[in-house]
Q: 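Dropping the structure in here first, questions after.
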Amino acid sequence: MPIKHFLQFRDFATDEFDYLFARTRWIKDQFKAYKQYWPLTDRTLVMIFEKASTRTRLSFEAGMQQLGGSAIYLNTRDSQLGRGEPVEDAAQVISRMSDIVMIRTFEQEIIERFAANSRVPIINGLTNEYHPCQIMADIYTYIEHRGPIQGKTVAWVGDSNNVCNTWLQAAEVLDFKVRVSTPPGYEVEADRAGLHGTGHFEQFPDPMDACRGADLVTTDVWTSMGFEAENEKRLKAFADWCVDGDMMRVANRDAVFMHCLPAHRGEEVTAEVIDGPQSVVWDEAENRLHVQKALMEYLLLGRVETK
Ligand code: CP
Ligand code: NVA
């Protein structure tokens with residue numbers, strides 16, 4: 001059987017996400033009831049970080065332990081990965097000593113080369129192009145708060161980055177709309193986002209127009225990891241793309257606000273919004289743990305019947 005990886009959102013079909021969201025609910029309920037659930041005893045997750053992380057490391061490491069397995073953290077600073085060992089060689093070796101690997105790196109191409117040489121499933125923990133685990137958590141959070149996302153409208157305000165690209169892919173897979181507003185020169189590149197052009201997204205020069213009537217308003221940092229040299233230029237270019245109370249007021253009355261975090265209050269979002277009543281960012285962050293437990297279980301054991 002070919003190994004299943006989760007390298008970008010569209011690697012899974014609609015019915016697989018339906019399964020994973022239902023499974024997440026069950027796994028989360030067990031966790032909340034302090035019920036031990038150890039389907040991955042003796043399994044080892046290797047986590048490779050070429051960029052910083054709080055949530056991704058914590059949620060994968062805690063998640064694997066809660067499923068009965070163990071997790072090993074590697075970074076480029078103190079492993080051979082940062083000293084030019086070919087990705088293909090690293091993949092051969094790491095995948096012979098572990099059961100599943102999560103990677104946070106730069107170009108998507110790196111994770112694809114790793115996966116092509118791996119004996120075990122690979123999970124994308126963020127690349128320059130995508131952040132699929134984040135959007136799984138975001139959509140699960142939307143479902144928890146408001147029900148199915150199909151047919152809904154998501155407004156993305158800010159940079160057309162890895163998180164934005166993943167929302168765009170998710171809209172095609174799960175059939176909802178994404179309205180994107182970026183400053184001029186930072187628009188979505190359909191090729192980079194890996195879109196099929198199914199009409200699930202629209203771009204708006206004015207962020208207010210993107211937010212009007214939206215069910216979910218979301219944003220992210222103006223400068224992603226790896227692009228720090230552009231920070232000064234971006235601070236000026238993005239100044240009008242700060243999600244504020246006015247944007248939330250033109251969205252639907254029951255719209256929720258999400259942010260993958262870490263956030264910069266006063267830049268991409270005001271404190272009024274992120275700390276306000278429509279914000280679900282803490283549930284969103286917590287749900288990284290629960291969706292990724294369902295994801296690891298699925299990649300290692302396939303579909304498990306929920307009792
Ligand atoms: N949202 C997210 O991936 O956070 P970290 O960078 O802290 O992992
Ligand atoms: N777009 C951000 C997300 C961080 C979780 C980055 O890539 O830095």
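Numbering of residues begins at 1 and proceeds along the displayed sequence.
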Q: Hydrophobic cluster membership, with links at side-chain heavy-atom distances under 4.5 Å among I/L/V/M/F/W/Y: are Met136 and Ile27 in one?
A: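 Met136 clusters together with Ile27.
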
Q: Checking Ser160 side chain against Tyr186 main chain: does a donor-acceptor pair fall under 3.5 Å?
A: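 Side chain of Ser160 to backbone of Tyr186, a donor-acceptor pair under 3.5 Å: yes, one is there.
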
Q: Tell me, with the steps shown, if Asn287 and Glu144 meet side chain to side chain contact (heavy atoms under 4.5 Å, CB included).
A: CA-CA 10 Å; Asn287 282 332; Glu144 268 193 341; 3.2 Å; yes

Q: If every non-hydrogen atom of Val178 is compared with every non-hydrogen atom of Ala171, which pair is closest and at what distance?
A: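 Minimum heavy-atom separation between Val178 and Ala171: CG2-CB, 3.6 Å.
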
Q: Would you say the side chains of Thr198 and His196 form a donor-acceptor pair under 3.5 Å?
A: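 Result is no, nothing qualifies.
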
Q: Got a second to check how far Leu168's CG is from Leu195's CG, nearest 0.5 Å?
A: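 It is 5.5 Å, given to the nearest 0.5 Å.
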
Q: Between CG of Asp244 and SG of Cys211, what distance do you get to the nearest 0.5 Å?
A: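 That separation rounds to 8.5 Å.
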
Q: Would you give the length of the straight line joining atom CZ of Arg265 to atom CD of Glu272, rounded to the nearest 0.5 angstrom?
A: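 The CZ atom of Arg265 sits 12.5 Å away from the CD atom of Glu272.
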
Q: Of Leu216, Asp254, Val280, which is the lone residue that meets side chain to side chain contact (heavy atoms under 4.5 Å, CB included) with Arg146?
A: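 Among Leu216, Asp254, Val280, the one that satisfies the side chain to side chain contact (heavy atoms under 4.5 Å, CB included) with Arg146 is Asp254.
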
Q: Pro183 versus Arg234: any side-chain heavy-atom pair under 4.5 Å?
A: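 With C-beta onward as the side chain, the pair stays apart.
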
Q: Could you tell me whether the side chains of Gln134 and Asn162 share a donor-acceptor contact shorter than 3.5 Å?
A: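 Their side chains do not contain a donor-acceptor pair, so the 3.5 Å distance test is not met.
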
Q: Is there a side chain to side chain contact (heavy atoms under 4.5 Å, CB included) between Asp29 and Lys32? Walk through the geometry before answering.
A: CA-CA 5 Å; Asp29 286 347; Lys32 294 290 177 186; 5.5 Å; no

Q: Does the side chain of His264 come within less than 4.5 Å of Val221's, by heavy atoms?
A: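 A side-chain contact exists here, since the closest heavy-atom pair is under 4.5 Å.
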
Q: Report the C-alpha distance between Ile139 and Phe9 in whole Å, list the side-chain angles of each, state the deciding distance to 0.1 Å, and finish with yes or no for side chain to side chain contact (heavy atoms under 4.5 Å, CB included).
A: CA-CA 12 Å; Ile139 292 172; Phe9 200 89; 4.1 Å; yes

Q: Judged by modelled atom types alone, do Thr182 and Trp241 share a side-chain donor-acceptor pair under 3.5 Å?
A: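 Their side chains do not contain a donor-acceptor pair, so the 3.5 Å distance test is not met.
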
Q: Assess the side chains of Gln8 and Asn165: does a donor N or O sit below 3.5 Å from an acceptor N or O?
A: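 Absent: no donor and acceptor within the cut-off.
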
Q: Looking only at heavy atoms, what is the nearest atom pair of Leu299 and Ile123, with distance?
A: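 It is CD1-CG1, 3.5 Å.
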
Q: Can you name the one residue among His145, Arg25, Glu284, Lys28 that meets side-chain hydrogen bond (donor to acceptor under 3.5 Å, both in side chains) with Tyr140?
A: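 Going through His145, Arg25, Glu284, Lys28 one by one, the side-chain hydrogen bond (donor to acceptor under 3.5 Å, both in side chains) with Tyr140 is satisfied by Arg25 alone.
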
Q: Given side chains that start at C-beta, do those of Gln66 and Leu289 come closer than 4.5 Å, heavy atoms only?
A: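 In contact.
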
Q: Indicate whether any N or O donor in one side chain lies under 3.5 Å from an N or O acceptor in the other, for Ser59 and Gln292.
A: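 Per modelled atom types, Ser59 and Gln292 side chains form a pair under 3.5 Å.
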
Q: Hey, could you give me the CD/CG distance between Gln92 and Asn117, rounded to the nearest 0.5 Å?
A: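 One gets 5.5 Å once the value is rounded to the nearest 0.5 Å.
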
Q: Is Gln108 reaching over with its side chain to a backbone N or O of Leu7, donor-acceptor style, under 3.5 angstrom?
A: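 Between the backbone of Leu7 and the side chain of Gln108 there is a qualifying donor-acceptor contact (under 3.5 Å).
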
Q: Keeping the roles fixed (side chain from Ser70, backbone from Thr44), state whether a donor-acceptor pair exists under 3.5 Å.
A: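 No; zero donor-acceptor contacts below 3.5 Å.
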
Q: I'd like to know if Val154 and Met258 are part of one continuous hydrophobic network [Ile/Leu/Val/Met/Phe/Trp/Tyr, side-chain heavy atoms within less than 4.5 Å].
A: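 In one cluster: yes.
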
Q: Quick check on the 6.0 Å ring-centre criterion: do Tyr298 and Phe6 meet it?
A: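 Not close enough - the centres of the two rings lie 6.0 Å or further apart.
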
Q: Are Leu301 and Leu20 in one and the same hydrophobic cluster, where Ile, Leu, Val, Met, Phe, Trp and Tyr link if side-chain heavy atoms are under 4.5 Å apart?
A: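 They do share one cluster, since a chain of ILVMFWY contacts under 4.5 Å joins Leu301 to Leu20.
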
Q: Name the one of Thr56, Thr141, Asp138 that satisfies side-chain hydrogen bond (donor to acceptor under 3.5 Å, both in side chains) with Arg288?
A: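 Between Arg288 and the candidates, side-chain hydrogen bond (donor to acceptor under 3.5 Å, both in side chains) is satisfied uniquely by Thr56.
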
Q: Could you tell me whether a side-chain N or O of Glu268 sits under 3.5 Å from a main-chain N or O of Thr219, the two making a donor and an acceptor?
A: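 A pair under 3.5 Å: no.
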
Q: So do the side chains of Leu67 and Arg43 get within less than 4.5 Å of each other, counting heavy atoms only?
A: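 Result no, sub-4.5 Å side-chain heavy-atom pair not found.
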
Q: Looking only at heavy atoms, what is the nearest atom pair of Met248 and Phe257, with distance?
A: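 Answer, listing the atom of Met248 first, then Phe257: CE-CB, 3.9 Å.
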
Q: I'd like to check Phe176 versus Tyr142 (side-chain heavy atoms, cut-off strictly below 4.5 Å). Are they in contact?
A: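 With C-beta onward as the side chain, the pair stays apart.
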
Q: Tell me if a side-chain donor or acceptor on Glu172 pairs with a main-chain N or O of Gly197 at a distance below 3.5 Å.
A: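 Flag set: sc Glu172 to bb Gly197 pair under 3.5 Å.
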
Q: Are any of the side-chain nitrogens in Asp206 or Arg212 under 4.0 Å away from the carboxylate oxygens of its partner?
A: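 So Asp206 does not pair with Arg212 through a salt bridge.
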
Q: To check you understand the geometry: which heavy-atom pair defines the closest contact between Cys133 and Phe60, and what is its length?
A: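 Between these two residues, the closest heavy atoms are SG-CZ, 3.9 Å.
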
Q: Are the side chains of Met225 and Leu126 in touch, meaning some heavy atoms are under 4.5 Å apart?
A: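 Contact flag for Met225/Leu126 side chains = yes.
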
Q: Would you please classify the geometry between the Phe49 ring and the Tyr73 ring as parallel, tilted or perpendicular, with 30° and 60° separating the classes?
A: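 The rings of Tyr73 and Phe49 sit tilted, inter-plane angle from 30° to 60°.
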
Q: Between Glu16 and Ala13, is there a donor-acceptor pair closer than 3.5 Å when you use the side chain of the first and the backbone of the second?
A: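 Such a contact is found between Glu16 side chain and Ala13 backbone.
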
Q: Quick one: does Ser181's side chain have a donor or acceptor within less than 3.5 Å of a partner on Phe204's backbone?
A: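 Looks like yes, one N/O pair under 3.5 Å.
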
Q: Quick one: closest heavy-atom pair of Ala52 and Arg104, and the distance?
A: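 So the minimum-distance heavy-atom pair works out to O-NH1, 2.7 Å.
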
Q: For a 4.5 angstrom cut-off between non-hydrogen side-chain atoms, does Trp167 reach Phe201?
A: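 No. Closest side-chain heavy atoms not under 4.5 Å.
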
Q: Using the benzene-type ring in the case of Trp, are the ring centres of His290 and Phe31 under 6.0 Å apart?
A: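 Yes: the rings meet the under 6.0 Å criterion.
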
Q: First locate atom OG1 of Thr127, then atom CD1 of Ile103, and finally report the distance between them rounded to the nearest 0.5 Å.
A: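 Here the rounded value is 10.5 Å.
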
Q: Walk me through whether Lys152 and Lys177 qualify under side chain to side chain contact (heavy atoms under 4.5 Å, CB included).
A: CA-CA 6 Å; Lys152 300 291 180 186; Lys177 291 218 171 347; over 6 Å; no

Q: Going from CG on Asp220 to SG on Cys164, what distance comes out if it is rounded to the nearest 0.5 angstrom?
A: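 One finds 9.5 Å between CG of Asp220 and SG of Cys164.
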
Q: Is it true that Ile111 and Ile135 fall in one hydrophobic cluster, defined by side-chain heavy atoms closer than 4.5 Å?
A: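 In one cluster with Ile111: Ile135, no.
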
Q: Are the side chain of Glu187 and the backbone of Gly185 linked by a donor-acceptor contact shorter than 3.5 Å?
A: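 Flag set: sc Glu187 to bb Gly185 pair under 3.5 Å.
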
Q: Using modelled atom types only, decide if a donor and an acceptor are shared between the side chain of Ser279 and the backbone of Ile274 within a distance under 3.5 Å.
A: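 Pair found, side chain donor or acceptor close to backbone of Ile274.
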
Q: Do Val304 and Tyr19 have side chains that approach each other closer than 4.5 Å (heavy atoms only, starting at C-beta)?
A: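 Answer yes - side chains close enough.
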
Q: Enumerate the salt bridge (charged side-chain N to carboxylate O under 4.0 Å, His left out) contacts for residues 108-129, please, sequence neighbours excluded, ordered by first and then second residue.
A: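 Of all non-adjacent pairs touching residues 108-129, those that pass salt bridge (charged side-chain N to carboxylate O under 4.0 Å, His left out) are Glu88-Arg113, Glu109-Arg113.
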
Q: Treat each ILVMFWY residue as a node, draw an edge where side-chain heavy atoms are under 4.5 Å apart, and state whether Tyr130 and Val188 are in one component.
A: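 No.
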
Q: Ignoring hydrogens and angles, tell me if any N or O in the side chain of Asp175 forms a donor-acceptor pair with the backbone of Gln150 under 3.5 Å.
A: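 Checking the backbone N and O of Gln150 against the side chain of Asp175, no donor-acceptor pair under 3.5 Å is found.
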
Q: What pair of heavy atoms forms the shortest contact from Met64 to Leu300, and how long is it?
A: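 Reported closest heavy-atom pair: CE-CD1, 4.3 Å.
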
Q: Under a 4.0 Å N-O cut-off, is there an ion pair linking Arg249 with Asp246?
A: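 Yes, charged N to carboxylate O under 4.0 Å.
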
